Amino acid sequence: YNTIIDGFSKQGMLEEATSLLGNMFKRGYQPDIVTYNTIIDGFCKQGKLEEATSLLGNMSRRGVQPDIVTYTAVIDGLCKQGRMEEAMKLLEEVSIMGFCPDTVTFNTLIDECCKQGRFKEASRLVEKMYESGFRPNVVTFNAMIDGLCKARDLQKAEEMLEKMMKAGYEPNVVTYNVLMDAMLKEGRVEEAFEIYNVLASKGYAHNVYTPNILLHGLCKDGNLNAAMEFIDGMLAKGCIPD
RNA sequence: ACUGCCCU
């Protein structure tokens, strides 16, 4: 059930997900923490925070206590709606309630801070993460680098990248995508391709964002021939455009 | 592929 419910939730098909939840009860199965967390996250990703919190209330009443994953999903929902203050307040509340916000929880908030250009607050959250006994990971750095790039502070973005590598973290495909996107937005097409080549040389690394970022950038740049050429190259390699 | 964070 959990796997299928997750499938529906990730497709935004929450009616189907909740109806499966109902089926579970009918057939005498007890939904567990994962079942509830999956649906709550689905609601949050749809921006339906009322539904999410109401299910959160139901699960407690049915004897399944929410955990930090539950609350992180809700915090992310608030963040994605730009409701930072409420998200921060919820962070405080769950800490007081005895839950232990972890790297993912902090990353959620850090990402939204960076998207809003609130880099001071982001750094404060990193501090707080350390104080709580957790360390940043590549996602933390990617969120910061992306925020700095989008704020067009490439200087600081580079510094953050160096800091990340000096600290022993390997850039991943998202790091490269972020940097490629930044280069393209600056019109630095050559450098974008250099990054792409590094990525391609790692063989496995591409994700769906990678070619799309390049194509967007090339088209925005008016470089339609290069875009067409790139698509042809993809097709020749057997990549299917989405 | 049992649930939460970063990139078009």
Side-chain angles (χ1 to χ4, degrees), chain A residues 1-11 17 20-21 24 29-45 52 55-56 59 64-80 87 90-91 94 99-115 122 125-126 129 134-150 157 160-161 164 169-185 192 195-196 199 205-220 227 230 241-242:
Chain A
Y1 276 100
N2 285 350
T3 303
I4 299 173
I5 287 174
D6 186 44
F8 279 129
S9 293
K10 287 216 170 22
Q11 302 285 324
L20 268 179
L21 179 64
M24 289 183 74
Y29 294 106
Q30 286 307 318
D32 64 9
I33 180 79
V34 174
T35 322
Y36 287 109
N37 285 351
T38 302
I39 302 176
I40 287 171
D41 180 53
F43 278 129
C44 289
K45 289 217 165 31
L55 186 55
L56 201 155
M59 69 190 276
V64 181
Q65 294 314 318
D67 63 6
I68 191 58
V69 174
T70 323
Y71 285 107
T72 301
V74 177
I75 288 173
D76 188 49
L78 288 167
C79 284
K80 293 289 187 301
L90 186 52
L91 175 73
V94 300
F99 295 99
C100 195
D102 62 13
T103 299
V104 175
T105 316
F106 285 108
N107 283 349
T108 301
L109 288 151
I110 289 166
D111 177 55
E112 182 57 25
C113 279
C114 291
K115 284 194 165 52
L125 283 162
V126 174
M129 170 155 64
F134 294 94
R135 340 212 91 231
N137 61 14
V138 65
V139 174
T140 320
F141 283 101
N142 286 343
M144 301 271 255
I145 293 169
D146 184 54
L148 290 165
C149 285
K150 294 217 161 63
M160 189 59 67
L161 179 67
M164 166 175 149
Y169 296 96
E170 273 296 308
N172 66 9
V173 60
V174 175
T175 321
Y176 289 111
N177 284 345
V178 164
L179 295 172
M180 229 174 51
D181 187 54
M183 289 305 124
L184 290 162
K185 292 209 161 88
I195 296 166
Y196 176 79
L199 198 44
H206 287 208
N207 67 14
V208 258
Y209 288 82
T210 311
N212 288 339
I213 289 166
L214 253 176
L215 289 167
H216 262 278
L218 292 173
C219 291
K220 278 247 158 62
F230 185 77
D242 71 359

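Just so you know, these numbers come straight off a predicted model, no measurement behind them. Residue numbers start from 1 in every chain, and the chains themselves are labelled A, B, ... in the order their sequence lines are given, proteins ahead of strands. Basis for what follows: all heavy atoms, side chains included, without hydrogens, waters or symmetry-related copies.
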Measure from the side chain of A/Tyr209, starting at C-beta and using heavy atoms only, and say which of B/C7, B/A1, B/C5 lies closest. B/C7
Could you state the NZ-P distance from A/Lys115 to B/U8, rounded to the nearest angstrom? 7 Å
Starting at atom CG of A/Asp102, determine the distance to atom C1' of B/G4, rounded to an integer number of angstrom. 8 Å
Could you check which of B/U8, B/C2, B/C5 has an atom nearest any side-chain atom of A/Thr3? B/C2
In short, A/Phe141 meets A/Pro136 closest at the heavy-atom pair CE1-CB, 4.3 Å
Taking atom types as they are modelled, would you say the side chain of A/Asn137 forms a donor-acceptor pair with the base of B/C6 within the 3.5 Å cutoff? no
Minimum heavy-atom separation for A/Pro101 and A/Phe134, please, with both atom names. O-CE1, 3.3 Å
Rounded to whole angstrom units, what separation is found between the CG atom of A/Leu78 and the P atom of B/G4? 17 Å
Please tell me which of the listed nucleotides, B/C2, B/U3, B/C7, lies nearest to the side chain of A/Asn177? B/C7
Counting only side-chain heavy atoms from C-beta out, which of B/U8, B/G4, B/C2 sits nearest to A/Thr72? B/G4
Which of A/Val94, A/Leu56, A/Val64 passes side chain to side chain contact (heavy atoms under 4.5 Å, CB included) with A/Thr70? Answer is A/Leu56
Tell me which nucleotide among B/C2, B/C7, B/U3 gets nearest to the side chain of A/Asn37. B/U3
How many Å lie between CZ on A/Phe99 and C1' on B/U3, as a whole number? 15 Å
Per the atom types in the model, does the base of B/G4 pair as donor or acceptor with the side chain of A/Thr70 at under 3.5 Å? no
Identify whether any heavy atom of A/Asp146 sits under 4.0 Å from a base atom; if not, whether one sits that close to sugar-phosphate; answer base, sugar-phosphate or nothing. sugar-phosphate
Under-4.0 Å side-chain N/O to phosphate OP1/OP2 contact, A/Lys10 with B/G4: yes
A/Leu179 CG to B/U8 P: how many Å, rounded? 13 Å
Taking the side chain as everything from C-beta on, heavy atoms only, tell me whether A/Asp146 gets closer than 4.5 Å to A/Cys114. no
For B/U3, take OP1 and OP2 only and decide whether either is under 4.0 Å from a side-chain N or O of A/Lys45. no
Proximity to the side chain of A/Ala143 - top-ranked nucleotide from B/U8, B/C6, B/C2: B/C6
Tell me, with the steps shown, if A/Thr140 and A/Asn107 meet side-chain hydrogen bond (donor to acceptor under 3.5 Å, both in side chains). CA-CA 6 Å; A/Thr140 320; A/Asn107 283 349; 2.7 Å; yes
Can you measure A/Lys150 atom NZ to B/U8 atom C1' for me and round it to whole angstrom units? 8 Å
For A/Thr105, answer base if it contacts any base atom (sugar-phosphate contacts may also be present), sugar-phosphate if it contacts only those atoms, and nothing otherwise; contact means non-hydrogen atoms under 4.0 Å. base
Whole angstrom is fine here: how far is it from NZ in A/Lys220 over to P in B/U8? 12 Å
Answer whether the closest heavy-atom distance between the side chains of A/Thr105 and A/Tyr71 falls below 4.5 Å. no
Sugar-phosphate only, base, or nothing, as touched by A/Lys80 at under 4.0 Å among non-hydrogen atoms: sugar-phosphate
A/Asn107 CG to B/C5 P, in whole Å, measures 11 Å
Which of the following nucleotides, B/C6, B/A1, B/U8, is nearest to the side chain of A/Asn142? B/C6
